[in-house]
S.K.: 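Once you've had a glance at the structure underneath, I'll fire off some questions.
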Amino acid sequence: MIKILFICHGNICRSTMAQYVMQHMVKSAGISEQFYIDSAATSYEEIGNGVHPGTRNKLQKEGIYCGNHRARHLEKTDYDNFDYIIGMDRANMQNIQRIVGKDVDSKVYKLLEFAGENGDIADPWYTGNFDVTYEDVVCGCRGLLKEILAKTTL
């Protein structure tokens with residue numbers, strides 16, 4: 001089983017969007033039983049809160065199921081429990097390192113790396129633009145899934 005954990009600041013916008021987009025992609029490919037996909041936050045601000053309405057609305061508009069995920073905090077033990085830990089921006093990456101320590105097993109990535117880009121996924125909490133965030137998340141998730149499929153025999 002391939003375990004992926006998406007990370008953002010509060011775990012109510014970007015990381016949950018990536019979680020549900022990736023779950024949709026693997027389900028559409030008929031390989032969802034080979035994956036465990038979750039998301040978490042680097043801050044404690046939103047812990048226990050549900051998916052942001054803007055994320056929920058955008059996913060619904062795109063025909064992607066959005067469950068009842070509740071924000072949770074990234075824990076040091078998550079490093080051992082996941083194969084991929086995917087941050088959304090530079091600040092997330094710094095906070096991931098602060099929480100889990102050194103990435104000795106090369107598990108930590110920024111999502112847009114998988115799209116061949118070095119940029120950040122914009123936080124729609126501040127921008128209000130869930131469409132742009134969605135486009136970037138889809139691009140990154142496609143690249144991530146392509147890389148996983150190239151490395152494994154699913």
Side-chain angles (χ1 to χ4, degrees), residues 1-42 46-52 54-89 92-93 95-97 99-121 123-124 130-154:
M1 176 157 300
I2 296 164
K3 297 177 182 177
I4 303 168
L5 184 63
F6 292 103
I7 307 294
C8 71
H9 181 76
N11 192 213
I12 62 170
C13 296
R14 295 172 292 172
S15 59
T16 52
M17 183 182 287
Q19 173 187 344
Y20 289 116
V21 165
M22 185 61 98
Q23 286 174 345
H24 179 78
M25 287 181 179
V26 299
K27 182 177 181 184
S28 296
I31 54 175
S32 59
E33 67 281 349
Q34 302 296 324
F35 286 83
Y36 177 77
I37 302 165
D38 197 4
S39 60
T42 59
E46 300 289 346
I47 302 306
N49 291 338
V51 178
H52 188 285
T55 293
R56 185 173 294 285
N57 291 339
K58 180 60 182 173
L59 292 173
Q60 182 178 4
K61 181 180 172 186
E62 297 298 329
I64 296 174
Y65 169 78
C66 181
N68 293 317
H69 179 84
R70 296 286 174 195
R72 74 169 188 89
H73 191 262
L74 172 67
E75 301 300 333
K76 186 172 181 64
T77 57
D78 286 323
Y79 188 83
D80 293 328
N81 296 328
F82 286 88
D83 303 304
Y84 293 87
I85 299 173
I86 312 293
M88 300 294 134
D89 64 29
N92 299 155
M93 300 303 287
N95 288 326
I96 291 167
Q97 183 179 15
I99 294 166
V100 303
K102 290 202 180 275
D103 182 20
V104 295
D105 296 323
S106 299
K107 296 180 175 188
V108 181
Y109 302 90
K110 195 161 60 164
L111 183 57
L112 284 178
E113 288 179 45
F114 296 102
E117 298 178 26
N118 192 29
D120 294 339
I121 305 275
D123 189 343
F130 288 85
D131 293 331
V132 167
T133 298
Y134 174 80
E135 289 169 16
D136 285 345
V137 163
V138 167
C139 203
C141 285
R142 277 190 190 129
L144 173 58
L145 184 57
K146 183 178 178 180
E147 179 164 311
I148 290 169
L149 293 175
K151 287 182 175 180
T152 60
T153 55
L154 296 179

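Remember, predicted model here, so these are calculated numbers, not experimental data.
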S.K.: Taking all non-hydrogen atoms of both residues into account, name the closest pair between Y134 and E62 and its distance.
M.R.: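 Shortest heavy-atom separation between Y134 and E62 comes out as CZ-CG, 3.4 Å.
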
S.K.: Look at the side chain of N95 and the backbone N and O of T42, then say whether any donor-acceptor pair between them is shorter than 3.5 Å.
M.R.: no

S.K.: Please find the pair of heavy atoms, one from G10 and one from A41, that lie closest to each other, and give the distance.
M.R.: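 Distance-wise, the nearest heavy atoms are C-CB, 3.5 Å.
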
S.K.: Can you tell me how far apart CE (M22) and OG (S32) are? Round to the nearest 0.5 Å.
M.R.: 13.0 Å

S.K.: Going by atom types alone, do N92 and D89 pair a side-chain donor with an acceptor below 3.5 Å?
M.R.: yes

S.K.: Heavy-atom distance under 4.5 Å between the side chains of V138 and M25, does that happen here?
M.R.: yes

S.K.: Any Lys/Arg nitrogen of R72 or D78 sitting under 4.0 Å from an Asp/Glu carboxylate oxygen of the other?
M.R.: yes

S.K.: Please find the pair of heavy atoms, one from A115 and one from C139, that lie closest to each other, and give the distance.
M.R.: CB-SG, 3.8 Å

S.K.: Restricting to ring pair (Phe, Tyr, Trp, His ring centres under 6.0 Å), what partner residues turn up for H24, sequence neighbours left out?
M.R.: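 For H24 there are no ring pair (Phe, Tyr, Trp, His ring centres under 6.0 Å) partners, ignoring immediate neighbours.
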
S.K.: Got a second to check how far I85's CD1 is from M93's CE, nearest 0.5 Å?
M.R.: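 Taking CD1 in I85 and CE in M93, the distance rounds to 9.5 Å.
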
S.K.: Between CG of L111 and SG of C8, what distance do you get to the nearest 0.5 Å?
M.R.: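 The SG atom of C8 is 11.0 Å from CG of L111, to the nearest 0.5 Å.
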
S.K.: Angle between ring planes, Y20 versus H69, binned at 30° and 60°: parallel, tilted or perpendicular?
M.R.: perpendicular

S.K.: Is the NZ or CZ atom of K58 both under 6.0 Å from the centre of the six-membered ring of F130 and within 45° of that ring's axis?
M.R.: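 So K58 doesn't make the cation-pi contact.
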
S.K.: Can you name the closest pair of heavy atoms from I96 and G87 and give their distance?
M.R.: CD1-CA, 3.9 Å

S.K.: Please determine if K107 forms a cation-pi arrangement with Y79, meaning its NZ or CZ atom is less than 6.0 Å from the six-membered ring centre and no more than 45° off the ring axis.
M.R.: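 Yes, cation above the ring, under 6.0 Å and within 45°.
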
S.K.: Is there side-chain contact between T55 and T133, with heavy atoms separated by less than 4.5 Å?
M.R.: no

S.K.: With sequence neighbours left out, what residues match F114 under ring pair (Phe, Tyr, Trp, His ring centres under 6.0 Å)?
M.R.: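 So F114 forms a ring pair (Phe, Tyr, Trp, His ring centres under 6.0 Å) with Y109.
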
S.K.: So for atom CG, which belongs to D105, do other residues, nucleotides or ligands contribute more than 12 heavy atoms lying within a distance under 6.0 Å?
M.R.: yes

S.K.: Search all heavy atoms of R14 against all heavy atoms of V137 and return the closest pair with its distance.
M.R.: O-CG2, 4.4 Å

S.K.: Which distance, rounded to the nearest 0.5 Å, do you find between the NZ of K151 and the CG of L149?
M.R.: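 Here the rounded value is 11.5 Å.
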
S.K.: Is D38 close to Q19 at the side-chain level, that is, under 4.5 Å between some pair of heavy atoms?
M.R.: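 A side-chain contact exists here, since the closest heavy-atom pair is under 4.5 Å.
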
S.K.: What distance do I121 atom CD1 and F6 atom CZ have between them, rounded to the nearest 0.5 Å?
M.R.: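 It is 10.0 Å, given to the nearest 0.5 Å.
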
S.K.: Go through it in stages, so that I can follow the logic: the residues are I7 and V108, the test is side chain to side chain contact (heavy atoms under 4.5 Å, CB included), and I'd like the CA-CA distance, side-chain angles, deciding distance and then a yes or no.
M.R.: CA-CA 10 Å; I7 307 294; V108 181; over 6 Å; no

S.K.: Taking everything shown except E75 itself, do over 12 heavy atoms lie less than 6.0 Å from its CD?
M.R.: yes

S.K.: Can you tell if the side chain of I2 reaches within under 4.5 Å of the side chain of Q34, non-hydrogen atoms only?
M.R.: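 Of all side-chain heavy-atom pairs linking Q34 with I2, none is under 4.5 Å.
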
S.K.: D83 side chain to K3 main-chain N or O, any donor-acceptor pair under 3.5 Å?
M.R.: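 Between the backbone of K3 and the side chain of D83 there is a qualifying donor-acceptor contact (under 3.5 Å).
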
S.K.: Look only at the side chain of K76 and the backbone of I99, and say whether a donor-acceptor pair between them is shorter than 3.5 Å.
M.R.: no

S.K.: For residues V21 and L59, report the shortest heavy-atom separation together with the two atoms involved.
M.R.: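 Heavy-atom minimum between the residues: CG2-CD2, 3.9 Å.
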
S.K.: So how far is it from L112 CG to N118 CG, rounded to the nearest 0.5 Å?
M.R.: 9.0 Å

